[in-house]
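As structure tokens, the structure follows; a few thoughts come after it.
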Number of protein chains: 2
Amino acid sequence: MSEAVAKIASRAERKERTRQKLLDVTLALVAKRSLSSISLREVARDAGIVPTAFYRHFESMDALGVELVDESMRPLRQMIRDARRGSPTNADIIKNTVEILGRQVRENQLDFRFLTRERYGGVAGVRRAIDTELRLFTSELTVDLARITAGAGWSSDDLEMTADLMVAAMLNAVMDLLEVDQRHADDERTILDRSERQLRLIAFGMSVWRSTPR
Amino acid sequence: MSEAVAKIASRAERKERTRQKLLDVTLALVAKRSLSSISLREVARDAGIVPTAFYRHFESMDALGVELVDESMRPLRQMIRDARRGSPTNADIIKNTVEILGRQVRENQLDFRFLTRERYGGVAGVRRAIDTELRLFTSELTVDLARITAGAGWSSDDLEMTADLMVAAMLNAVMDLLEVDQRHADDERTILDRSERQLRLIAFGMSVWRSTPR
DNA sequence: GCATTCGGTGAACGCTTGTACACTGACTAG
DNA sequence: CTAGTCAGTGTACAAGCGTTCACCGAATGC
């Protein structure tokens, strides 16, 4: 069809590219301030389009925010896949998982920053979207735990509460990691070591767990 | 001095009252949107003063935010005191602590909402202030853990990482509790029960903890 | 009693904001 | 080749913003 050299793209392609640019610049802006304080005009300006053109792609900034959740969840999903792939050897699942966590955060700071910052941030729709994804993450981990503890008489309720605790510990580490390269004392290694020990502590707890009588 | 009936207050009193009102209305506004998206004019309007009068009390909204951290930390500090008072009996520290947590959150929703929402929110100064206070909280808990595990050969590093995990678990519960009365499935009892079991799991972990060889 | 302090006022400023509307011109489908 | 689509443009407007300034009048210190 096109013997033209390059550069020229179809209209659909061009649109997609602009859309992506809008998402990208917003993600970059969220690194400094929360989503609810970022204006449509600001995003449009950074993306190199006129404010009104924004509406060709998103109904509002809130709508863009919700889309951004999907976008920025990708690294986290990748993390699960990576962690699972390493698990059969089983040599040290925890150490392995924490290393993967560290790498993913390092390589996708903006995404994780967005997720942690907006998880309890201002925009309700975004909050809900993140919550849903995180729930999914927890339930995936619950399945994994079920496999590991198979036959040890764990109730699904207890499995879920354990997974929930582990996710909380990991997210705690993520937030600490994100603070590293912009201000305070702890360095990456310290944080990852602590996180590893925390997960190990939980694992020890699991080995002697007994449900409280109801 | 004043035989006048009532109502009349000294200038200093009146000023303090207005200042408090500014803090209060801001706290109320934060329940719906994040601090960085709340305008000075909005706060002044709700407090019943003209925008310019705001400056008689705070240099900027950011400064007000930092003050608000102190303000809203009070319930959390109270929580520590309450929890400690109950501890000598030792019958069930965890259950007791979680009950206190539940009550404090119920009775001081706005404060906890502010803290959790702005902990990773937009304004750097506020974030730092909250972080400092939370660190203090963790170190208090570390001291308590040191007392409990005295003579069991715990390194201060391990004590701190355990306290950190416990705080993460509790804050996780706080955030879930705050979502309760505005949208989703889990009810308060469910969340508190889960939190209790999580802390219990950690306690079990402690009972078999051994440091990984360095 | 008088001069001073100071919390609150009200008009005015220069800017930024979200959104409406009519438009243009390159791409596309027939 | 032509008619239509549609991402991006440019102007415009009302509303809100933070901040300035001169001003008021009641409480205060002496």
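Keep in mind that the numbers below use all heavy atoms, side chains included, and drop hydrogens, waters and symmetry copies. Labels below follow one simple rule: chain letters A, B, ... track the order of the sequence lines, proteins then strands, and each chain is numbered from 1. Computed from a prediction, not measured in an experiment: that's the story for all the values here.
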Specify the separation, in whole Å, of atom [atom1] of [X] and atom [atom2] of [N].
X	N	atom1	atom2	answer
Glu16(B)	dC6(C)	CD	C1'	16 Å
His57(B)	dT9(C)	NE2	C1'	13 Å
Phe54(B)	dG8(C)	CZ	P	12 Å
Glu13(B)	dA27(D)	CD	P	13 Å
Arg14(B)	dG25(D)	CZ	C1'	13 Å
Ile38(A)	dT17(C)	CD1	C1'	15 Å
Glu42(B)	dT19(D)	CD	P	15 Å

Output yes when a side-chain donor or acceptor of [X] lies under 3.5 Å from a complementary backbone atom of [Y], and no otherwise.
X	Y	result
Arg127(B)	Glu118(B)	no
Arg119(A)	Asp131(A)	no
Ser195(B)	Ile191(B)	no

Under 4.0 Å between a Lys/Arg side-chain N and an Asp/Glu carboxylate O for [X] and [Y]?
X	Y	answer
Arg194(B)	Asp176(B)	yes
Glu42(B)	Arg33(B)	yes
Arg189(A)	Asp193(A)	yes
Asp164(B)	Arg197(A)	no
Arg84(B)	Asp144(B)	yes
Arg200(A)	Asp92(A)	yes
Arg103(A)	Asp82(A)	yes

Side chain of Ala53(B) (C-beta onward), nearest among dT28(D), dT9(D), dG8(C):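 For Ala53(B), the side-chain atoms sit closest to dG8(C).
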Strictly below 4.0 Å: does Thr18(B) bring a side-chain N or O up to OP1 or OP2 of dG8(C)?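 Yes, within the criterion.
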Check DNA chain C against residues 58-71 of chain B and give the residues with a non-hydrogen atom under 4.0 Å, in numerical order.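 None - not one residue of the stretch has a heavy atom sitting under 4.0 Å from the strand.
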Could you run down nucleotides 20-26 of chain C 5' to 3' and tag each one B, S or - for protein heavy-atom contact under 4.0 Å? BB----B
Donor-acceptor pair between Ser34(A) and Ser36(B) side chains, under 3.5 angstrom: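 Short answer, yes.
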Between protein and nucleic acid, restricted to nucleotides 13-16 of chain C and to nitrogen or oxygen atoms under 3.5 Å apart, what atom pairs and distances do you find?
none

Please figure out whether Ala12(B) or Leu40(B) has its closest DNA chain D nucleotide nearer the 5' end.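 In this pair, the answer is Leu40(B).
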